[in-house]
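Written out below as structure tokens is the structure these notes cover.
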Amino acid sequence: MNESPAIAAVCIDQPLPQLDRLFDYLIPEDMAAQVKPGCRVRVRFGRRKVSGFVIAVKPSTDFTGKLLWISDLVSPEPVVTAEVAALARAVADRYAGTLTDVLRLAVPERRVRVEAENRSEPLPVAAPIDGDWKRYIAGEAFLRALRETKSPKAVWNALAGEDWPARLAEAAAATASAGRGAVLVVPDQADLDRLDAALEAILGPDRHVTLSAQLGPTKRYRSFLKAARGEVRIVAGTRAAAFAPVADLGLVAIWDDGDESHVDRHAPYPHAREVVLTRANLSGAACLVGGYGRTPQAQLLVETEWAVSMVASRDEIRSATPRIVPVGDESDLERDPSGGTARLPTVAWEAARAALAKHQPVLVQVPRRGYVPAVSCQRCRTRAACPNCSGPLRLLGARRAPVCGWCGVVAEDFRCAECGGTRVRAIVIGAERTAEELAQAFPDTQVVESTGVNRLDAAPQGAAVVVATPGVEPPAQGGYGAVLLLDTWALLTRAELTASEEALRRWMNAVALARHDGTAVVVADGGLAVVQALIRWDPAWFALQELEDRSELGFPPVMRFAALTGPNGEAEKLAADLPADLGAEAIGPIPVDEHTERLLLRVRRRDGAALASTLAKATAERAGSKAEPVRIQIDPREIA
DNA sequence: AGCACGCCGACT
DNA sequence: GTCGGCGTGCTC
């Protein structure tokens with residue numbers, strides 16, 4: 001009895017767009033028992049041997065040529081589940097990228113020894129009490145739905161001071177108690193550490209794993225395999241964890257989807273929020289998009305009734321939110337070039353002093369790290385440039401000569417290129433100088449700094465001042481007595497389309513760390529909508545405004561963009577070949593450098609899929625005919 | 001990407 | 001007559 005061999009459809013580990021399809025191979029008799037969908041194999045491809053993932057096993061092929069045999073079984077471990085394969089394909093399509101590129105993100109590097117480790121049985125997870133979800137309208141109903149294996153979808157705005165890791169852990173526990181799995185995605189390792197602790201506390205030991213690059217390859221693969229083998233049902237991690245191979249998925253959640261860490265840095269640059277939404281759609285899982293703030297993208301989910309808006313009642317918001325006071329920017333750097341305490345308006349000063357008097361820590365958010373990261377000519381205010389390379393000059397300490405931020409040259413004898421002035425004044429004050437000023441203002445108080453390069457995990461206990469840049473504010477035990485948001489103009493005047501939205505997100509993330517009976521002072525015009533949204537703790541209102549503004553202007557997420565970057569003329573050539581019925585509107589091109597330019601394409605949202613697939617096809621054809629490559633980016637960060 | 005096949009100029 | 005240019009085209 002000579003049964004014909006089964007056929008494996010293999011995704012070849014080659015990133016070329018023209019090879020972005022599956023290739024069929026015969027499965028040798030002696031591998032037949034082990035070659036299963038999701039496992040790694042090596043196959044001959046052209047002249048060379050390459051590795052790949054078996055995406056499907058089937059009895060026959062459509063291929064009319066001569067099939068080759070699989071060369072080797074690398075590992076029988078099924079690391080790409082059918083669900084993840086479909087997800088990766090969808091994400092590749094959405095972003096005009098290749099399956100291989102997305103699988104490289106989804107599946108961590110193999111560690112042979114980890115595969116030999118013992119397996120364990122999944123431990124049961126108890127259904128949680130509703131926790132503090134009852135503070136949100138429909139919060140308890142959401143958790144109940146998870147316990148009943150339904151698939152609710154919500155855009156959740158957390159109250160100030162909310163223990164969001166605990167809430168996410170409760171949602172995961174509710175899902176797992178019903179026998180389904182959960183995937184929780186957070187922006188960075190610090191958030192993941194907090195979520196990890198909350199999961200451990202609420203679920204008990206060994207019910208979950210964390211997944212992030214920071215674990216290192218071995219631990220990462222171990223976590224990944226525990227999920228793939230069904231030893232745990234709950235995975236928490238950073239952006240790549242959105243692809244975690246959790247079986248029988250019941251919930252996908254993402255925290256703080258406005259954080260740009262959620263965007264992968266490798267082609268095709270998928271956003272974890274889009275991965276999570278796609279996954280919920282494909283697998284029928286529940287979905288939770290949570291944060292203190294709200295992105296226009298999340299608001300769109302509410303507007304289209306894909307998700308419900310889950311917020312607390314006004315009463316709950318009032319009692320949870322600290323007093324938030326806007327105060328106009330009184331600081332005048334020119335009037336007081338020595339700095340001193342001129343930057344702290346009286347209200348801010350008093351709020352800080354009151355908190356310290358109660359032995360409560362104070363958080364001061366400043367937009368930039370360093371001492372004085374930007375200076376200008378004292379006389380004519382022209383931005384001070386390096387005499388050597390024209391880079392931006394900055395100050396590294398008190399009474400020290402300006403230093404170039406690019407080439408490091410010390411400008412001992414600064415001379416303004418415009419007016420010949422020899423003195424500089426600060427344009428921006430960094431965290432270091434702010435800490436120095438505050439140490440002078442509060443001589444008996446500990447002043448510490450937390451910045452991207454030197455991050456603090458937790459605020460000191462008791463009376464202390466923490467000066468932090470956005471995104472790295474350490475939580476304080478019991479909350480901060482005061483939160484001061486300084487130099488807000490630097491956030492609000494950024495050129496990006498998302499400047500206001502991003503400012504609100506950063507402010508809310510900082511103010512959320514305050515005690516409910518504390519005070520937050522925002523040094524900004526209280527008449528601005530973005531400041532109003534902060535004071536009222538109403539990011540949904542602001543997100544809706546943003547969404548409407550962007551709709552009028554034809555910006556994302558209502559319109560979908562693609563950025564085409566390539567050698568001069570090539571992007572336009574590619575765009576010219578697009579079918580007219582796509583209705584793609586070209587914007588630009590603008591020069592990137594002497595040889596490169598960048599063209600934006602805009603289509604209606606519902607034509608986004610067609611645009612991506614057309615671009616993918618065009619890219620494949622161009623690569624096939626050895627044309628200069630044009631980089632495609634869907635929803636480029638600077639636009640979206 | 002590699003590496004084939006494939007049809008036109010100057011060389012043993 | 002042959003060696004070799006790199007222009008399309010395929011890789012299960």
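If you're wondering where the values come from, they're calculated on a predicted model, not measured in any experiment. Labels below follow one simple rule: chain letters A, B, ... track the order of the sequence lines, proteins then strands, and each chain is numbered from 1.
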Any side-chain N or O of A/Arg44 under 4.0 Å from OP1/OP2 of C/dC12? no

Compare the minimum distances between each of C/dC12, B/dA4, B/dA1 and the side chain of A/Gln18, then state the nucleotide with the smallest one. B/dA1

In whole angstroms, how far is the P atom of C/dG9 from the CG atom of A/Leu16? 17 Å

Have a look at A/Ile7 and say if it touches a base, only the backbone sugar-phosphate, or nothing, with a 4.0 Å heavy-atom cut-off. nothing

Run A/Gln189 and A/Arg455 through side-chain hydrogen bond (donor to acceptor under 3.5 Å, both in side chains) and show every step you take. CA-CA 12 Å; A/Gln189 188 64 39; A/Arg455 184 177 189 149; over 6 Å; no

Side chains of A/Tyr269 and A/Arg631: does their closest heavy-atom pair fall under 4.5 Å? yes

Nearest-angstrom distance from the residue atom CD of A/Gln14 to C1' of C/dC10: 13 Å

A/Arg48 side chain near B/dG2 phosphate (N/O to OP1/OP2, under 4.0 Å): yes

Only residue of A/Val558, A/Asp549, A/Thr498, A/Leu547 satisfying side-chain contact (heavy atoms from CB on, under 4.5 Å) with A/Pro296 is A/Leu547

In whole Å, what is the span from the CG atom of A/Leu99 to the P atom of C/dC12? 18 Å

Verify stack between A/Phe63 ring and C/dC12 base, 5.5 Å, 30 degrees: yes

How many whole angstroms separate atom CD1 of A/Ile27 from atom C1' of C/dC12? 13 Å

Can you tell me the distance, in whole Å, between the CG atom of A/Asp20 and the P atom of B/dA1? 15 Å

Checking contacts here: which listed nucleotide (B/dA4, B/dA1, C/dC12) is nearest the side-chain heavy atoms of A/Arg47? B/dA4

In whole Å, I'd like the distance from the CG atom of A/Leu68 to the C1' atom of C/dC10. 13 Å

What is the minimum heavy-atom distance between A/Asn568 and A/Glu594, and which atoms define it? ND2-O, 3.0 Å

Could you tell me how far apart A/Ile12 (CD1) and B/dG2 (C1') are, to the nearest whole angstrom? 14 Å

Rounding to a whole Å, what distance do you find between A/Glu621:CD and C/dC10:P? 12 Å

Please lay out, stage by stage, how A/His262 and A/Asp256 fare under the test side-chain hydrogen bond (donor to acceptor under 3.5 Å, both in side chains). CA-CA 9 Å; A/His262 282 303; A/Asp256 201 8; over 6 Å; no

